[in-house]
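The structure appears right after this line, and notes come after that.
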Amino acid sequence: MSTDWDVAVVGAGIAGLTAARVAADRGLRVVAYDRLTPGGQLVNLTALHDHPGGTGPELVSALTAAAEAAGVRIGYAEVTRVHPGSAVRLETGDGEVTAGVVVVAAGLGPGRLGLPAEEALVGRGISTCAGCDGPLFRGRAVAVVGEDEWTAEEALELAGWASAVTVLVPGPPRWSPERAERLAAAGTVEVLTGAAVTALRGEGVLSGVVVRTADGERDLPVAGLFPFVDRRGPEGLVDGLAADEHGRLVGAGNVLVAGDARAGAEQSLAAAEADGRAAGEAAVAALAATAGSLRIVDPTYGLPPEDDAGPVEAAGSTATWTDVALFTNSKPNATELLRGLGQRLQAHWELPELGFAAKESASVAADKDTIDWLSQRFKMVLVAVGD
Amino acid sequence: MELEKRGVVAPLVVTETFLPLVQAQARARRVRPRLVVVPHPVGGLNEAELAGRIEGAAAELLRMADEARGLS
Ligand SMILES: Cc1cc2nc3c(=O)[nH]c(=O)nc-3n(C[C@H](O)[C@H](O)[C@H](O)COP(=O)(O)OP(=O)(O)OC[C@H]3O[C@@H](n4cnc5c(N)ncnc54)[C@H](O)[C@@H]3O)c2cc1C
């Protein structure tokens, strides 16, 4: 079945760009859609922890350049709905497309507390990016809500600007002892465990939060609030795909899920990258399986690539339009198909005869001598490449 | 594709299933291939079915050939 794309990737974060690059490296036609710019969460990360990639933006540039060099098309559009099938249908902001395999790498939504008036305060005190908005809170108090490694890192980054950072941890902290030590050592950081935010204060801009702990409720005056809890996966994006309690998806059939969006994902750059690579390889395997596990072999494989200087006259060629040949890859029926088509052309152009060449088998490259002979001797060669 | 680069008119006969792969290879090699596309599969067809594939693709091949030769 022919589709617009072999592989369509939803989300061009580290997982999506990696999956797209791996599939394109193997010669597939790949599009990677992002509703924003490529990079995803990485764009927001000034310093990368537990990953050797430099800064977030540096890593984004490298990943994007590698994907584009492999032939990935970046589609600047939101994918609004995915309909699975042998050809998966995607509704996008740019119209509808079909793909043989879809990789959902849409990451997680921003952290949210689920409180009234919260959305109205986003950008007015509420932020999920310390690197972007930290400097706005220079000399003022902020709170961070979360319990994972990255919450701890964001809190430490904010401590570089804010006068005081209160880390509100709903459950037990999940960060490493090393991060716990660094938090404890930062004089302006206080960690409150078993703490929930129950209300937001402020008219138009945030002025504080109400915090409930085992000791009761109290007001915490803060100018900034950075929630990293309840980040939801792309539940509902794909018809009929199961999701876990966080809205993260479980892949099925030719709809694969990679990175933070996948149920059970670890939520780290290294894990998302590995996931993307695995998804790219799985996409290649899935398409090869539907193609009947036959491999296309380019009959010109192994010859040095040339610039697109347009067709050149074969040096010393004496061929005219009566010199037509068939070149078969020797797959079952390929020769018969070529002969049938050749006969039509022979009758149409009243050709006395047709030349003929064959590769020994479909799985070897055409030898250079055969290519030389054909290009010297014939004006037109009908070639069987993929069947 | 190498043949086209050497000035030979070289229509490629390819089934729908392999079309994307051939197109990707063409892009990578920066050539615009002449493609005669037939329904998949070809292997395993009986004589009558194969004749159907030939019938379906012949017109396109002749048109392409005439055009290349400057007859159309
Ligand atoms: C604050 C914070 C700090 C972190 N720091 C680190 C760290 O230092 N080291 C580390 O290893 N990990 C860190 N992580 C975790 C790491 O960033 C993520 O695990 C990783 O970036 C996930 O990559 P991803 O490609 O799965 O998703 P994302 O990076 O979230 O990318 C998803 C992409 O999909 C796009 N998208 C979503 N829906 C659609 C749609 N419907 N249509 C089109 N596009 C869509 C989004 O715009 C986005 O670009 C941090 C996470 C956070 C929240």
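What you are looking at is a predicted structure, and each value in this text was computed from that prediction instead of being measured.
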What verdict does the salt bridge (charged side-chain N to carboxylate O under 4.0 Å, His left out) test give for A:E336 and B:R53, after you've listed the backbone C-alpha separation in whole Å, the side-chain angles of each residue and the deciding distance to 0.1 Å? CA-CA 11 Å; A:E336 289 72 1; B:R53 294 283 196 275; over 6 Å; no
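- For a residue to count as touching a neighbouring chain, one of its non-hydrogen atoms must lie under 4.5 Å from one of that chain's; by this rule A:D4 does not touch chain B.
- Minimum heavy-atom separation, A:L374 to B:V8: O-CG2, 4.5 Å.
- The 12-atom threshold is not exceeded at CZ of A:R73, counting heavy atoms of other residues, nucleotides or ligands nearer than 6.0 Å.
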Start with the C-alpha distance between B:I54 and A:Q343, add both sets of side-chain angles, then the distance that settles side-chain contact (heavy atoms from CB on, under 4.5 Å), and finish with yes or no. CA-CA 10 Å; B:I54 294 167; A:Q343 275 163 13; over 6 Å; no
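- A donor-acceptor pair under 3.5 Å is formed between the side chain of A:N333 and the backbone N or O of B:L45.
- In plain terms, the two heavy atoms of B:V13 and A:L338 that are nearest each other are CG2-CD2, 3.8 Å.
- Looking at B:R6 and A:D372, their side chains come closer than 4.5 Å, going by heavy atoms from C-beta outward.
- With a 4.5 Å cut-off on non-hydrogen atoms, B:E55 touches chain A through its backbone and its side chain both.
- Annotation for A:A334 and B:V42: closest pair N-CG1, 4.4 Å, computed over non-hydrogen atoms.
- If you measure heavy-atom distances from B:A51 to chain A, you find no contacts under 4.5 Å at all.
- In this structure, the separation between CH2 on A:W349 and CG on B:D66 is 6.5 Å, given to the nearest 0.5 Å.
- In this structure, the side chains of A:W321 and B:L71 stay at 4.5 Å or more apart for every pair of heavy atoms.
- Looking at heavy atoms from C-beta onward, A:F378 lies out of side-chain contact with B:L3 at the 4.5 angstrom threshold.
- The shortest non-hydrogen separation linking B:A10 to A:V383 is CB-CG2, 4.2 Å.
- Listed here is the closest heavy atom pair of A:V381 and B:P11: O-CD, 3.3 Å.
- Within the model, atoms OG of A:S375 and CD of B:E2 stand 8.0 Å from one another, a figure rounded to the nearest 0.5 Å.
- Between B:L61 and A:M380, the shortest heavy-atom contact is CD1-CE, 4.3 Å.
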